Amino acid sequence: MSVNSTPHASVHDTANQAGSFSFSQVKPALSFEQQVELMRSRGLAVDDVDEAIRWLSETNYYRIRGYWLTFERDGRFIQGTTLDDIRDTYRLDAGLRLWLWSAIGPIEIKARTSLAYHMGTACGPLSYTDHEYFSDRRAHDKSMQNFRTERERAMRSKVPCVIHNMRKYGCLPIWAAVEIMSMGTMSRLYGNLADSAEYPDGPTVKEAVAKDFAIKPMYLKSWLQHLTYIRNLCGHHSRIYNRTMTSRARMLRADTRHAGLKAFPTIIVLKRIYERVWPEKWPQMTATLDTLIRKYPGVDLVPLGFPEDWRQIIMEQT
């Protein structure tokens with residue numbers, strides 16, 4: 001038997017050299033049948049083993065586990081917890097992600113449009129590339145680095161507006177650039193705008209964009225950054241239920257009682273945007289959300305940050 005004598009540092013070796021970690025051995029993989037038995041051994045009621053195996057094979061044990069944390073105490077399921085309890089929580093969360101995604105979409109498109117219009121008309125078609133118009137040069141450099149990556153990806157995908165402009169001008173004017181920017185790049189550019197980005201005899205670009213949303217710039221900056229975070233969670237099918245958000249939206253004074261790191265403040269932010277920009281759409285959106293939640297009456301809404309009077313709060317006119 002040949003032996004490779006070339007020394008290689010393992011993960012364990014690296015950690016020990018750093019003097020900061022001590023790892024345990026990774027657990028062996030379990031079959032779907034074993035996964036079901038493990039859940040049952042911890043007190044979960046599973047009536048249909050075959051159905052449980054099917055769900056695990058489609059959804060992944062580790063993913064599902066995030067949804068039963070509220071049903072656990074000291075490593076065991078609360079007595080009476082069933083697989084259906086967990087599955088209903090999972091399905092509600094999936095529906096909520098789709099609802100949030102559809103609600104954020106029009107906001108993202110309007111923000112792209114408004115930024116491109118005001119930046120282009122006030123400062124010029126390539127002003128988004130100029131440090132002069134941004135407060136933090138290092139942050140702007142990072143945004144441009146991200147944008148170049150997005151542009152290269154769009155060129156490889158042969159996006160027509162990108163190919164046309166790059167062949168004709170060698171660059172993208174802002175009204176084309178925003179079409180390939182991620183929401184993150186776009187929101188960071190807006191949040192980094194300096195007062196030097198302004199109309200000759202009018203408002204700053206930051207103020208003009210915020211006016212299109214009928215809100216002050218400080219709120220729009222926070223809301224766009226927060227909604228970018230939520231959009232990315234939804235886009236990657238990440239759990240919303242019982243998640244402690246790492247992005248906190250700045251709330252209006254009237255809404256400070258709803259501030260927090262769960263999902264409900266996000267819905268309040270959406271309400272405030274829609275009631276200013278598309279007030280006719282919000283009643284239907286709240287009705288859709290209400291229908292979704294009524295479909296799963298056994299799911300606790302507290303881990304989402306919902307107060308008892310949540311329906312009244314999101315449906316009331318202001």
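Reckoned from all heavy atoms, side chains included, excluding hydrogens, waters and symmetry mates. Nothing here was measured: the structure is a model prediction, and the numbers come from that model.
Two residues are said to be in side-chain contact when any heavy atoms from C-beta on lie closer than 4.5 Å; Leu227 and Ile273 meet this criterion. Between Pro106 and Trp278, the closest side-chain pair of non-hydrogen atoms falls below 4.5 Å. Between Val205 and Cys123, the closest side-chain pair of non-hydrogen atoms falls below 4.5 Å. Residues Arg272 and Ile215 form no side-chain contact, since every pair of their non-hydrogen atoms from C-beta on lies 4.5 Å or further apart. When side chains are defined from C-beta on, Trp99 counts as touching Leu270, because their heavy atoms get closer than 4.5 Å. At least one side-chain heavy atom of Arg231 sits less than 4.5 Å from a side-chain heavy atom of Glu108. Between Arg63 and His237, the closest side-chain pair of non-hydrogen atoms falls below 4.5 Å. The shortest distance between side-chain heavy atoms of Ile180 and Leu172 falls below 4.5 Å.
If you take CE on Met285 and CD1 on Ile314, they are separated by 9.5 Å, rounding to the nearest 0.5 Å. Annotation: the span from Met186 atom CE to Met183 atom CE amounts to 5.0 Å, rounded to 0.5 Å. From Ile107, atom CD1 reaches atom OG1 of Thr228 across 10.5 Å, with rounding to the nearest 0.5 Å. Rounded to the nearest 0.5 angstrom, Gln35 CD and Ile64 CD1 are separated by 8.0 Å. To the nearest 0.5 Å, the span separating CZ on Arg250 from NZ on Lys216 amounts to 9.0 Å. Once rounded to the nearest 0.5 Å, the distance linking CG of Asp309 with CE of Met315 reads 12.0 Å.
Look at Asp93 and Arg239 and you find no salt bridge, because none of the NZ, NE, NH1 or NH2 atoms lies under 4.0 Å from a carboxylate O. Salt bridge absent: Arg148 and Glu152 never bring a charged side-chain N and a carboxylate O closer than 4.0 Å. Between Glu275 and Lys281, no side-chain nitrogen of the basic residue sits less than 4.0 Å from a carboxylate oxygen of the acidic one, so the salt-bridge criterion is not met.
Across all non-hydrogen atoms, the minimal contact from Val178 to Trp175 is CG2-O, 3.7 Å. Heavy-atom minimum distance, Thr266 versus Lys262: OG1-O, 4.4 Å. Of all non-hydrogen atoms in Tyr133 and Met119, the two that sit nearest each other are CB-CE, 3.7 Å.
Of the possible donor and acceptor atoms, one in the side chain of Lys206 sits under 3.5 Å from a partner among the backbone N and O of Leu193. With Ser222 contributing its side chain and Tyr219 its backbone, the two residues share no donor-acceptor pair below 3.5 Å. Formation of a donor-acceptor pair under 3.5 Å by the Asp255 side chain with backbone atoms of His258 is not found in this model. For the pair Ser114 (side chain) and Ala111 (backbone), a donor-acceptor distance under 3.5 Å is absent. Looking at Thr185, its side chain never comes within 3.5 Å of a backbone N or O of Met181 through a donor-acceptor pair.
Geometrically, Arg42 does not engage Phe77 in a cation-pi contact, judged by NZ or CZ lying under 6.0 Å from the ring centre and within 45° of the ring axis.
Here Phe213 and Trp223 keep their ring centres 6.0 angstrom or further from each other. Taking the six-membered ring for Trp and the full ring otherwise, Tyr128 and Phe147 have centroids separated by under 6.0 Å. Centroid-to-centroid, the aromatic rings of Phe264 and Phe306 come within less than 6.0 Å.
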Query raised in the report: What do the steps show when you test Glu58 against Arg54 for salt bridge (Lys or Arg N to Asp or Glu O under 4.0 Å), and what is the final call?
Result: CA-CA 6 Å; Glu58 294 174 350; Arg54 184 191 65 78; 2.8 Å; yes

Query - Criterion salt bridge (Lys or Arg N to Asp or Glu O under 4.0 Å) on Asp84 and Arg87, from CA distance to verdict - result: CA-CA 5 Å; Asp84 284 341; Arg87 188 154 42 191; 2.9 Å; yes

Report task. Give the intermediate values and the outcome of side-chain hydrogen bond (donor to acceptor under 3.5 Å, both in side chains) for residues Asp85 and Thr82. Result -> CA-CA 5 Å; Asp85 293 329; Thr82 69; 3.2 Å; yes

Query raised in the report: Could you walk me through whether Glu72 and Trp68 pass the side-chain hydrogen bond (donor to acceptor under 3.5 Å, both in side chains) check?
Result: CA-CA 7 Å; Glu72 274 189 335; Trp68 75 55; 3.1 Å; yes

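Judged purely by distance below 3.5 Å, without hydrogens or angles, the side chains of Thr121 and Tyr199 pair a donor atom with an acceptor atom. Between the side chains of Asp212 and His118, at least one donor-acceptor pair of N or O atoms lies under 3.5 Å. Between the side chains of Asn146 and Thr149, not a single donor N or O lies within less than 3.5 Å of an accepting N or O.
Between His140 and Phe134, the ring planes are parallel. Angles under 30° get that label, and only those over 60° would be called perpendicular.
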